[in-house]
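Here the structure comes first, spelled out in structure tokens, and everything after it is commentary.
In each ligand, atom 1 is the first atom listed, and ligand 1 is the first ligand listed. We count residues from 1, following the sequence as given.
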Amino acid sequence: MKELIDKLCLQGMTDSDDVKKIIDEINDEDMEYLAKKAREISQKRFGKKIYLRGLIEISSFCKNDCYYCGIRRGNGKAERYRLSKEDILECCKEGYRLGFKTFVMQGGEDSFYNDDVMADIVSEIRKRFPECAITLSLGEKSYESYKRLFDAGADRYLLRHETANEEHYKKLHPAEMSLENRKRCLYDLKEIGYQVGCGIMVGSPYQTTDDLTEDLKFMLELQPHMIGIGPFVKHKDTPFADKESGSVRKTLILLSIIRILFPRVLLPATTALGTMDPKGREKGILAGANVLMPNLSPVKVRKKYALYDNKICTGEESAQCKGCLQKRIESIGYEIVSERGDY
Ligand code: 5AD
Ligand code: FES
């Protein structure tokens, strides 16, 4: 196993069977060896710096019906809300006060935020916080819409591909959604000039190890600037309510493999990882992650942006999360920095 890990570090993913073996057969001792390699690579580029992205969850309305997601349109029990431009600017102001240099506006695919509305919000943030990065995570759009938002001042876009395998994609999404369009979006975003993030849920229903190696191959082809991965966490009011959630262990293995294959990529230890294990985010950083995405949403809406069950940080103020993360990160010998953290 150590030889396979050394080969991965020296030659990259030359044989997907090797990577499959690592994912499926690694024991705890070799997992530590893998994590150590990943940490070294991360520290060579980034030192022990951890970048922060303030997540503003702007809308829980969504026109899509992804089987895994708690805010899917078919979930009649989901509480819906929208943040106004003023709400969003207030979140940015608080984030800026706390030292955030990146604001991530994420939401369901909600036609209320059409290009006019969104371009207006983006350009206002650009004007008020000129040195901050603006990241959008608002789902699939046309080339023209992405371009318009880029021209308004957005710098980065997060759109997880969810799975790079056609059959698996169909098991996670209704027929009106397609992997082809998802990939088209990611390539459009790159062409326009965004820093782009793709990603997956580890342990999503029906995911095989072959699917995971296909995901890695797709990532190698796309060459994203950011990769978001976290465990699948079931949500009680979705078609996947009775499926198993993904494991922290497998997520950590994948974080390390991704860090080894993508030395410069910005790689968050996600909230989903923190939800599945109280020390999940710390473990993620020790496995090679270098980004945290604390919640900057107004506390009054946090519980309503429930993509999955038992999400953490839904009762805390933004300042509490910042302080909490600061302590957690210092406890493992890393440091939170107030920098944009561009690719
Ligand atoms: N568990 C974990 N992650 C989820 N996401 C959506 N639903 C869940 C879930 N049940 C992830 C998807 C999406 C991102 C915003 O959140 O990967 O792209
Ligand atoms: Fe939100 Fe710890 S990060 S409470």
*asked:* Any donor-acceptor pair under 3.5 Å linking the side-chain atoms of T209 with those of D24?
replied: yes
*asked:* Is the ring pair Y305/Y81 parallel, tilted or perpendicular, if the boundaries are 30 and 60 degrees?
replied: perpendicular
*Does R72 make a cation-pi contact with Y67, if we ask for NZ or CZ under 6.0 Å from the ring centre and within 45° of the axis?*
no
*Among D155, D120, D151, whose salt bridge (charged side-chain N to carboxylate O under 4.0 Å, His left out) with R126 holds?*
D155
*asked:* Students should find this: residues with any non-hydrogen atom under 4.0 Å from ligand 1. What is the answer?
replied: Y68, C69, Q106, R160, E162, M201, P231, F232, V233, L307, Y308
*Quick one: sort the F240 and F232 rings into parallel, tilted or perpendicular, breaks at 30° and 60°.*
perpendicular
*Could you check if a side-chain atom of H225 sits within less than 4.5 angstrom of a side-chain atom of V265, using non-hydrogen atoms only?*
no
